[in-house]
There are 2 protein chains.
Amino acid sequence: MSLKHAILVQLETEPSSGYDLLQHFKSGLGYFWNAKHQQIYQQLKTLSEQKLISLSLEKQKGRPDKKTYQITKLGTEELKHWLTNPVKPHKINDALLVKVYGGHLIDQENLQNELMLHKKTHKKILQDLLNMERTFLESPPQTQEKYKLPYLTLRRGILGEQAWLTWAKEALEMLKK
Amino acid sequence: MSLKHAILVQLETEPSSGYDLLQHFKSGLGYFWNAKHQQIYQQLKTLSEQKLISLSLEKQKGRPDKKTYQITKLGTEELKHWLTNPVKPHKINDALLVKVYGGHLIDQENLQNELMLHKKTHKKILQDLLNMERTFLESPPQTQEKYKLPYLTLRRGILGEQAWLTWAKEALEMLKK
DNA sequence: CCTCCCATGTAAGCCGTTACATGATTGC
DNA sequence: GCAATCATGTAACGGCTTACATGGGAGG
């Protein structure tokens with residue numbers, strides 16, 4: 001629903017190609033918004049038709065032209081409008097918890113293994129986020145001031161992942177009894 | 001994607017009508033899986049056609065027949081199969097964080113107000129979850145043993161909401177400077 | 001009377017996933 | 001040579017949301 005706005009936010013920061021956006025969704029932004037390349041390219045097409053973004057072709061040697069999009073005046077307006085109106089609370093649809101809820105139907109060992117698998121992923125994510133935080137905290141004060149809002153989203157990620165890991169520890173202990 | 005399985009899990013516990021399921025999605029299960037009535041009724045129809053669930057009509061005085069669904073053998077198999085295979089990690093698509101990320105475009109006050117609004121909602125959810133936990137902890141040991149897996153999902157909710165509130169406090173302090 | 005809760009549905013449209021497709025460059 | 005990364009797309013399908021629709025009972 002707001003992939004649209006996630007793209008506009010990014011383009012407001014700097015003009016990007018579809019591929020660039022994809023990279024952002026894999027790193028920083030990606031912690032709280034996910035999108036695949038197919039969806040991004042389709043959305044860019046739509047946004048372009050709606051005149052919320054515009055396109056420039058950058059010629060590249062040897063490679064096909066790189067399509068760089070930038071936000072238009074209309075796009076900035078739309079973005080500001082969206083930012084000013086409240087968003088609905090985030091909906092959680094977490095299949096793992098459905099599984100835990102109904103886990104009495106399968107081996108406890110099986111359940112534990114799956115939890116441990118997810119734990120690995122979450123540990124990795126936390127490490128990545130902590131690394132980003134370290135980089136941020138080592139940057140000069142004016143950089144920190146400039147990126148303080150993205151930093152807040154990073155903090156959300158860190159606190160969220162830590163809470164997840166605390167839960168997993170608790171859950172595994174309980175399952176092992 | 002696994003509304004299907006969320007429904008099967010619930011029906012495995014007890015036969016229910018569409019309306020009953022809706023109530024579960026508004027309370028316990030609802031913390032980690034959301035669905036609207038339209039979606040539930042459609043899904044029940046589909047599952048019924050696939051013979052994963054079956055229907056009995058309960059006659060009621062004065063009211064139209066209540067449609068009660070129960071899980072079939074085939075449904076239980078499908079559920080066990082799903083439970084045994086790993087699920088993909090939960091994807092977060094959180095519009096509020098997109099907003100914070102791009103919040104430099106609007107009033108800081110506006111952003112703070114929205115955060116406070118969400119804080120209220122999360123506080124309410126946490127209170128509800130803590131109440132459910134109290135009820136659980138006051139129940140007899142055999143009940144606790146029986147519902148230990150759903151209790152784990154409750155714990156996930158509590159830890160998650162507490163982490164959210166910790167973050168919000170931190171964020172609001174930072175924004176006020 | 002009016003609103004909330006019980007109780008169930010159809011239909012259109014949007015959003016997102018999966019599968020299919022192409023082709024160049026870089027590093028091992 | 002082969003895999004990974006850069007770089008962009010189309011098409012089909014499935015899931016979810018929004019709007020529309022109906023009708024009885026309970027309580028203030």
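Reminder, nothing fancy here: chain letters follow the sequence lines and each chain counts from 1.
Identified under the side chain to side chain donor-acceptor pair (under 3.5 Å) test for residues 165-177 of chain A, with sequence neighbours left out: A/Glu170-B/Arg155.
There is a side-chain donor-acceptor pair under 3.5 Å between B/His118 and B/Glu114.
Residue A/Lys26 contributes atom NZ, which lies 12 Å from atom P of D/dA7 at whole-angstrom precision. As a whole-Å value, the separation of A/Leu44 CG from C/dC15 C1' is 15 Å. Distance, A/Leu47 CG to C/dC15 C1': 13 Å, rounded to whole Å. Whole-Å rounding puts the B/Glu49 CD to D/dG14 P distance at 13 Å. Here C/dA7 presents its C1' atom at 18 Å from NZ of B/Lys36, a figure rounded to the nearest Å. When the P atom of C/dC15 is taken as reference, atom NZ of B/Lys91 falls 17 Å away, rounded to whole Å. B/Asn34 places its CG atom 13 Å from the C1' atom of D/dT17, with the value rounded to the nearest Å.
One distance of note links OG of A/Ser139 with CD of A/Gln144; it measures 4.0 Å at 0.5 Å rounding. Atoms CG and NE2, on B/Asn93 and A/His90 in that order, are 7.0 Å from each other to the nearest 0.5 Å.
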N/O to N/O distances under 3.5 Å, protein versus nucleotides 9-11 of chain C:
residue: C/dG9; atom: OP1; partner: B/Lys67; partner atom: NZ; Å: 2.2
residue: C/dG9; atom: N7; partner: B/His37; partner atom: NE2; Å: 3.4
residue: C/dG9; atom: O6; partner: B/His37; partner atom: NE2; Å: 3.0
residue: C/dA11; atom: N6; partner: B/Gln42; partner atom: NE2; Å: 3.4

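Residues that satisfy the ring pair (Phe, Tyr, Trp, His ring centres under 6.0 Å) test with B/Phe32, not counting sequence neighbours, are A/Tyr101.
Within the 4.0 Å cut-off from OP1 or OP2 of C/dT18, at least one side-chain nitrogen or oxygen of B/Lys88 is found.
Counted within 6.0 Å of CD on B/Gln142, heavy atoms from surrounding residues, nucleotides or ligands total more than 12; the atom is thus considered enclosed.
Checked against D/dC16, D/dC6, C/dT8, the side chain of B/Trp33 finds its nearest nucleotide in D/dC16.
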